[in-house]
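These notes are about the structure you will find just below.
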Amino acid sequence: MRAWNRAKLLWGYLTRQSVLPALPVEYIVETTAKCNLYCPMCPRETHKQPKADMSPEVFDRLVQESGRTAEHMMLIGLGEPFLDPLIFDRIEYCHRHSISTLLSTNGTFLDEAVADRLLRTPLEQITLSFDGASKETFEFYRKGARFEKVRDNFVRFARMKHARQSSLQVVVQMVRMERNAGEQGEFLRFWRSVPGVNQVRIKADETNLMQPQAGHAAEDWRHPCHYLWRGPLYVKQNGDVYPCCQSYMLDGQPVGRIGEEPLARIWNSPEMQRMRRAHASSRAGEIDICARCCTTIPHPLLVAGSLVFHGRTVRRLLPLVERLTYLSGLPAALLRPSKPLERPAELVQISSPAAGDPARSQGPER
């Protein structure tokens with residue numbers, strides 16, 4: 001079923017269909033909106049978040065509706081997963097539906113007891129976020145966390161994983177920004193030496209907070225964005241669904257809500273169809289949230305490859321593709337990063353039509 005679902009998505013992407021007879025491969029699911037740190041590059045600093053968790057009803061409904069086609073769920077968002085009291089239950093629930101799971105953590109709660117419990121779950125991948133190789137840099141970007149405590153938590157967790165011969169994939173990640181760019185070498189040397197770490201990743205910053213004038217030029221949109229055909233679809237703590245995580249952070253509107261209408265209808269909502277048509281006709285730059293997006297745009301060859309392999313395989317290969325492209329001199333056209341731009345005079349914001357408002361629901365194609 002999952003392979004057939006990917007095949008239909010691939011055909012829909014290659015033929016630029018606006019209505020897809022399949023569901024996304026991946027989802028980003030914000031099981032909690034609570035966090036204990038202040039990070040200047042995090043969108044929660046500009047988008048006030050409730051101190052709330054996703055209800056079991058919303059989460060279970062999402063998994064049940066996507067369970068036969070979803071391959072990978074990233075149980076992350078604008079909150080710290082270990083503040084969600086149901087996080088371990090949610091990992092198990094996904095596993096019972098044959099959906100692999102990923103977490104990303106700031107490490108402040110990853111003590112020995114939590115590490116032990118986590119290693120007894122079927123979690124398949126965890127990203128340990130550590131944005132700096134020095135105390136000064138790390139604590140600038142992760143205000144409220146102590147460098148030594150988080151580093152020790154991560155090292156202990158990786159070693160516990162190694163000692164148990166766990167198959168869990170452990171990725172230590174630094175988001176490259178102005179203050180930590182000069183620490184990349186030291187960061188790589190240290191974390192590559194820690195037993196149990198599978199990958200050390202240096203990731204480009206894809207938020208607009210640290211680079212508000214970034215975006216994509218018109219020529220970058222020769223190829224449509226893979227998010228609209230493949231996912232991951234972004235589900236907020238309250239059940240609101242967005243085309244991608246960037247659309248929420250750039251003040252886009254939800255395209256539906258879990259529990260209020262079927263997932264298949266949300267995935268093919270009028271807003272999703274209009275966005276796909278704009279991307280398919282190389283007019284994505286006319287959509288405000290897309291023009292201001294900082295996410296790297298992959299070449300169609302990479303998108304096609306991501307629909308050939310299972311979602312968990314794609315997640316594991318992603319850092320390798322980034323290294324080959326950015327560090328080994330392969331054609332940069334394979335991945336198009338954003339760049340500083342002059343803002344166009346007028347951009348169109350895709351928004352959800354108000355219920356019962358035919359004028360909005362039948363508005364011009366964007």
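Counting only residues at least two apart or in different chains, salt bridge (charged side-chain N to carboxylate O under 4.0 Å, His left out) contacts with residues 178-190 are absent. For the ring pair (Phe, Tyr, Trp, His ring centres under 6.0 Å) condition, the pairs that include at least one residue of residues 95-115, sequence neighbours left out, are Tyr93-His97. Sequence neighbours left out, the pairs with a member in residues 232-260 that pass ring pair (Phe, Tyr, Trp, His ring centres under 6.0 Å) are His47-Tyr248, Tyr242-Tyr248.
With Asn268 contributing its side chain and Gln273 its backbone, the two residues share no donor-acceptor pair below 3.5 Å. Formation of a donor-acceptor pair under 3.5 Å by the Ser193 side chain with backbone atoms of Phe190 is found in this model. With hydrogens and angles disregarded, no donor-acceptor distance shorter than 3.5 Å links the side chain of Glu45 to the backbone of Cys42. For the pair Arg44 (side chain) and Ala33 (backbone), a donor-acceptor distance under 3.5 Å is present. Formation of a donor-acceptor pair under 3.5 Å by the Glu30 side chain with backbone atoms of Leu78 is found in this model. A side-chain donor-acceptor contact under 3.5 Å links Lys161 to the backbone of Gly196. Side chain of Lys143 to main chain of Phe140: a donor-acceptor pair is present (N/O by atom type, distance under 3.5 Å, no hydrogens or angles).
Inspection of the Thr101 and Glu124 side chains reveals no N or O donor paired with an N or O acceptor under 3.5 Å.
Met275 has its side chain out of reach of Cys225: every pair of non-hydrogen atoms, C-beta onward, lies at least 4.5 Å apart. Counting heavy atoms from C-beta outward, Tyr13 and Arg230 have side chains that stay 4.5 Å or more apart. Put simply, the side chain of Ile289 does not reach to within 4.5 Å of the side chain of Asp251, judged on heavy atoms. With contacts defined as side-chain heavy-atom distances shorter than 4.5 Å, the pair Pro232/His72 does not qualify.
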Could you please spell out the steps behind the side-chain contact (heavy atoms from CB on, under 4.5 Å) verdict for Cys293 and Leu250? CA-CA 8 Å; Cys293 177; Leu250 293 170; 4.3 Å; yes
For Thr32 and Gln237, what are the C-alpha separation, side-chain angles and deciding distance, and is it a side-chain hydrogen bond (donor to acceptor under 3.5 Å, both in side chains)? CA-CA 6 Å; Thr32 183; Gln237 161 269 328; over 6 Å; no
Could you check Val63 against Cys94 for side-chain contact (heavy atoms from CB on, under 4.5 Å), going step by step and ending with a plain yes or no? CA-CA 7 Å; Val63 173; Cys94 286; 4.2 Å; yes
Is there a side-chain contact (heavy atoms from CB on, under 4.5 Å) between Thr31 and Asp53 once you walk through the steps? CA-CA 6 Å; Thr31 70; Asp53 305 313; over 6 Å; no
Can you list the steps and then say if Asn36 with Thr108 is a side-chain hydrogen bond (donor to acceptor under 3.5 Å, both in side chains)? CA-CA 9 Å; Asn36 61 318; Thr108 53; 3.0 Å; yes
Would Met174 and Asn180 satisfy side-chain contact (heavy atoms from CB on, under 4.5 Å), going step by step from the backbone distance to the final call? CA-CA 9 Å; Met174 180 175 82; Asn180 64 16; 3.5 Å; yes
With salt bridge (charged side-chain N to carboxylate O under 4.0 Å, His left out) as the test, would you mind laying out the steps for Glu286 and Arg283 before giving the verdict? CA-CA 6 Å; Glu286 297 176 14; Arg283 293 172 46 233; 3.1 Å; yes
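In this structure, Ile28 CD1 and Lys236 NZ are separated by 11.5 Å, a value rounded to the nearest 0.5 Å. Note that the OG1 atom of Thr69 and the CD1 atom of Ile99 stand 7.5 Å from one another [nearest 0.5 Å]. Distance CE/Met272 to CG/Leu20: 8.0 Å, rounded to 0.5 Å. Distance check, rounded to the nearest 0.5 Å: OH of Tyr141 to CG of Asp205 gives 8.5 Å. With rounding to the nearest 0.5 angstrom, the CE atom of Met249 is 8.5 Å from the SG atom of Cys244. The distance from the CD atom of Glu80 to the CG atom of Leu110 is 9.0 Å, given to the nearest 0.5 Å.
Because its NZ or CZ atom is both nearer than 6.0 Å to the ring centre of Trp267 and within 45° of the ring axis, Arg276 counts as a cation-pi partner of that residue.
Using a cutoff of 4.0 Å between basic side-chain nitrogens and carboxylate oxygens, Glu71 and Arg2 are not scored as salt-bridged. Glu139 and Arg146 are not joined by a salt bridge, as no carboxylate oxygen comes within less than 4.0 angstrom of a charged side-chain nitrogen. Ion pair Asp84/Arg90 flagged as a salt bridge, since at least one NZ, NE, NH1 or NH2 atom sits closer than 4.0 Å to an Asp/Glu carboxylate oxygen. Asp152 has no carboxylate O lying under 4.0 Å from a charged side-chain N of Arg156, or vice versa, which leaves the two without a salt bridge.
No path of Ile, Leu, Val, Met, Phe, Trp and Tyr side chains, each step under 4.5 Å between heavy atoms, connects Leu103 with Leu37, placing them in separate hydrophobic clusters. Linking Ile, Leu, Val, Met, Phe, Trp and Tyr residues whenever their side-chain heavy atoms come within less than 4.5 Å places Leu62 and Phe88 in a single cluster. When hydrophobic clusters are built by joining Ile, Leu, Val, Met, Phe, Trp and Tyr residues whose side-chain heavy atoms come closer than 4.5 Å, directly or via intermediates, Tyr227 is not grouped with Met73.
Taking the six-membered ring for Trp and thresholds of 30 and 60 degrees, Phe130 and Phe147 have ring planes inclined between 30 and 60 degrees apart.
The two residues Pro224 and Trp229 come nearest to each other via the heavy atoms CB-CZ3, 3.5 Å. The shortest heavy-atom contact between Pro81 and Ile87 is O-CB, 3.6 Å. Nearest heavy atoms, Pro56 versus Leu86: CG-CD1, 3.8 Å. Minimum heavy-atom separation, Tyr27 to Ala70: CE1-CB, 3.6 Å. The shortest heavy-atom contact between Lys34 and Ala52 is CG-N, 3.6 Å. Considering all non-hydrogen atoms of both residues, Ala280 and Arg16 come closest at CB-CB, 3.6 Å.
Qualifying ring pair (Phe, Tyr, Trp, His ring centres under 6.0 Å) partners for Phe59, counting only residues two or more places apart in sequence or in other chains: none. Considering only residues two or more places apart in sequence or on other chains, Glu65 meets the salt bridge (charged side-chain N to carboxylate O under 4.0 Å, His left out) condition with Arg61.
In this structure, Phe309 belongs to a hydrophobic cluster whose other members, linked by side-chain heavy atoms under 4.5 Å apart, are Val308, Val314.
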